[in-house]
Every structure is written in structure tokens, then in C-alpha cells.
Amino acid sequence: MTVGNGGERGAMAQSGGHVKTERGSYVRTVVTLDGPAASGKSSVARRVAGRLGVPFVSSGLLYRAATWLVEDLRGDADDEGAVLGILAERHVRLVPSLTGDRILVEGRDVTGELHTDAVDGAVSAVACHPGVRDWVAERLREIPGSFVIDGRDMGTAVFPDARFKFFLTAPAEVRARRRVGERSADLKAVAEAIARRDRLDAAQSAPAHDAVHVETGDLTLEQVVDRVMQALSGVGAV
Ligand code: DC
């Protein structure tokens, strides 16, 4: 795991989510949590952010917002030019906060409309376009201050210099069971939808070489959060 330059290792003191280096200066902390669909990363990231006292950012919300817009305007999710045209015309803003980030489209809060089966079904097609990935990365890199962020490629493509990186995994059937609990849907259909998303998202879902891997299959949510917090404290981040 990479924690900035070696001189800062073990000598960090948390201060409002910022980290004090040995030389006394404060730098922002970005904690990345990547992993496949329904690996629990959002729930873990939200709790870790709460314990650190910094906002939690879900990068998937921006991909979901782009997909929501394409569906709303009856665009073609497979046509990158058309998708980018829509994104250029509409103002999409991610507002991070300690109580959960929100997505505003032309000023309207659409966060509650982003976790539907329709968005789930089309989001991978939208997210695989390189131009869309650049659009999301640009918005994420504009976020100021310290935060915990979840996604697929936060520790690799978007924040390769993040100080603390985690990669959460869980067997596909465990993830399907967790999702069924969340949305009261049919287990077989959910398992198939997750397997499909795993396939479609595979290209951008490789773990960072310096990420700490946490296999969450046999752990409760709180146990996973504890593991992450222990790893952070092991490198002096908290
Ligand atoms: O994390 P999530 O389920 O809300 O993400 C929704 C979709 O967005 C997911 O199927 C893949 C895509 N995504 C991505 O490609 N890269 C990210 N960093 C986050 C999400």
C-alpha cells in the first residue's frame, strides 16, 4: 500500500480529514474503495467517511446520472457521440456532503432516481465510452478537500496518487444475495444482472497494484469497516 512518500509513513495525525506530514504541513486525504457491483463498497465507504469525518463520494452516481439523462432524452446509450452531445448540453453537478452526495441535473436533485433497474441495465454501456470516463474523471478531480470515494477505477485511472487504496471483493452469489436484500428482487435475475455487469465493467475494474484487498464474503459490514479502519490506522492515517 502506498502512503505518499516514505518519510510520512507512521507519522500522520488526522486533522479534519487532512493528514499532517512529518514536516508539519497538511495535505488532503483521498481514500479510494474500488470493487465490483454489490461488493458493499458504497456502504463501507459511507461508514469509513463518517468515522473520518469527511464526505463520501460515489463515482458511480455520475455514470448513473449520465445514463439517466440519456434515457430521459431517449438517446442511444451505445452511441458515444450522442451521449457526449447530451452531456455537453446539460449541467450535471455532484455535490459532496457529510450526509451523502447528491446529483443535480440543471439544478434539480435526481439522486433518488438513479438506482432503478432501467439505469442499472444501461449504465455499463454508457460507462464504457472513453469520452464519458473522461467527463466523469474531470468532475471528480475538481472536488476539493479530503474524501472517501468508491468506484471501479478510482485507485487506478482517476486518483492514482491517492494515499489509501482498497479493493473489496466478494463471491458473485454473496453479492447477489446482498442486492436482493436491498431491492427485494428475484435472486436468479439479480445474479444474472450482476454477472452481466461484471463482464461489461471488467475492462475498467482491475485493482490498483498498491491497493489493500479485502475479501468481504464472510464479513459483516461493520467487520469490513473495521478492517479498513485498522489498515488506515496501521499506516498512521487515523
Ligand atoms: O458503483 P455503482 O454500481 O453505482 O456503479 C454503476 C455503474 O457505473 C457500474 O456498473 C459501472 C460504472 N462505474 C464505472 O465504470 N466506473 C466507476 N468508477 C464507477 C462506476
Side-chain angles (χ1 to χ4, degrees), residues 30-49 56-71 77-78 80 83-84 87 92 94 96 100-103 110-143 147-160 162 165-170 172 174-183 185 189-208 211 216 221 224:
V30 175
V31 178
T32 63
L33 275 123
D34 289 311
S39 56
K41 53 193 190 310
S42 306
S43 309
V44 173
R46 182 173 293 111
R47 282 163 180 76
V48 169
F56 154 59
V57 178
S58 168
S59 62
L61 278 187
L62 281 168
Y63 289 103
R64 289 175 180 277
T67 307
W68 180 90
L69 258 177
V70 169
E71 303 220 311
D78 292 320
E80 179 170 19
V83 173
L84 292 179
L87 295 179
V92 178
L94 183 145
D101 43 355
R102 316 296 302 172
I103 292 283
V110 300
T111 318
E113 297 166 42
L114 302 180
H115 285 89
T116 61
D117 290 341
V119 171
D120 273 11
V123 67
S124 298
V126 171
C128 75
H129 299 308
V132 174
R133 303 202 72 78
D134 289 345
W135 177 86
V136 168
E138 248 171 60
R139 258 136 211 93
L140 295 175
R141 293 192 189 117
E142 283 166 0
I143 300 172
F147 49 85
V148 178
I149 188 160
D150 86 335
R152 300 294 193 286
D153 56 351
M154 295 302 101
T156 50
V158 182
F159 296 107
K165 302 179 182 180
F166 294 88
F167 193 82
L168 304 189
T169 53
V174 173
R175 292 187 278 129
R177 260 186 272 120
R178 286 178 182 160
R179 191 51 43 102
V180 168
E182 280 165 20
R183 296 205 189 160
V190 171
E192 281 168 10
I194 285 181
R196 178 174 169 272
R197 274 218 283 158
D198 281 356
R199 269 195 318 277
L200 294 173
D201 296 337
Q204 49 267 350
S205 299
T216 72
L221 177 57
V224 180

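Everything numeric here is computed off the predicted structure, so don't read it as measured data. Here, residue 1 is the first one in the sequence, and each next residue gets the next number. For ligands, and for the atoms within them, numbers begin at 1 and follow the listed sequence.
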_How far is atom 13 (N) of ligand 1 from the closest protein heavy atom, and which atom is that?_
Tyr63 CD1, 3.6 Å
*Does the side chain of Arg139 come within less than 4.5 Å of Leu94's, by heavy atoms?*
no
*Element-labelled atoms of ligand 1 that are located less than 4.0 Å from some non-hydrogen atom of Ser59*: 17 (C), 18 (N), 19 (C)
*asked:* Can you name the atoms of ligand 1, numbered from 1 with element, that are less than 4.0 Å from a heavy atom of Asp201?
replied: 9 (C), 10 (O), 11 (C)
*Atoms of ligand 1, numbered as shown, that sit under 4.0 Å from any heavy atom of Lys41*: 1 (O)
*Under 4.0 Å from a heavy atom of Val123: give me the atoms of ligand 1 that qualify, with their elements.*
7 (C), 8 (O), 10 (O)
*With rounding to the nearest 0.5 Å, note down the distance linking CD in Gln204 to CE in Met154.*
10.0 Å
_Spacing of OG1 belonging to Thr67 relative to CG belonging to Leu114, to within rounding of 0.5 Å_ = 9.0 Å
_In this structure, does ligand 1 have an atom that sits under 4.0 Å from one of the heavy atoms of Ala37?_
no
_Chi angles and distances behind the side chain to side chain contact (heavy atoms under 4.5 Å, CB included) call for Arg46, Val148_ = CA-CA 8 Å; Arg46 182 173 293 111; Val148 178; over 6 Å; no
*Kindly indicate, with the supporting measurements, whether the criterion salt bridge (Lys or Arg N to Asp or Glu O under 4.0 Å) is fulfilled by Arg152 and Asp34.*
CA-CA 5 Å; Arg152 300 294 193 286; Asp34 289 311; over 6 Å; no
_Separation of His115 NE2 from Ser58 OG (nearest 0.5 Å)_ = 6.0 Å
_Residue pair Thr32 / Phe166, side-chain heavy-atom distance below 4.5 Å_ = no
*Identity and separation of the nearest protein heavy atom to atom 15 (O) of ligand 1*: Arg133 NH1, 2.9 Å
*Please could you name the atoms of ligand 1 that Ser124 approaches to less than 4.0 Å, counting only its heavy atoms?*
10 (O)
*Find all atoms of ligand 1 within a distance of less than 4.0 Å from any non-hydrogen atom belonging to Gly60, and give their numbers and elements.*
4 (O), 5 (O), 19 (C), 20 (C)
*For atom 10 (O) of ligand 1, find the nearest protein heavy atom and state the residue, atom name and distance (0.1 Å precision).*
Arg197 NH1, 2.6 Å
*Check whether any side-chain heavy atom of Arg141 lies under 4.5 Å from a side-chain heavy atom of Phe159, and answer yes or no.*
yes
*asked:* Under 4.0 Å, heavy-atom basis, I'd like to know which part of Arg152 is in contact with ligand 1: side chain, backbone, both or neither.
replied: both
*What's the shortest distance from atom 4 (O) of ligand 1 to any protein heavy atom, and which residue and atom give it?*
Arg64 NE, 2.8 Å
_Need the ligand 1 atom indices (1-based, order shown) with element for anything under 4.0 Å from a heavy-atom of Gly151._
18 (N), 19 (C)
*asked:* As an exercise, identify every atom of ligand 1 less than 4.0 angstrom from a heavy atom of Ala127.
replied: 12 (C), 15 (O)
_Heavy-atom pair of closest approach, residues Asp201 and Ser124_ = OD1-OG, 3.0 Å
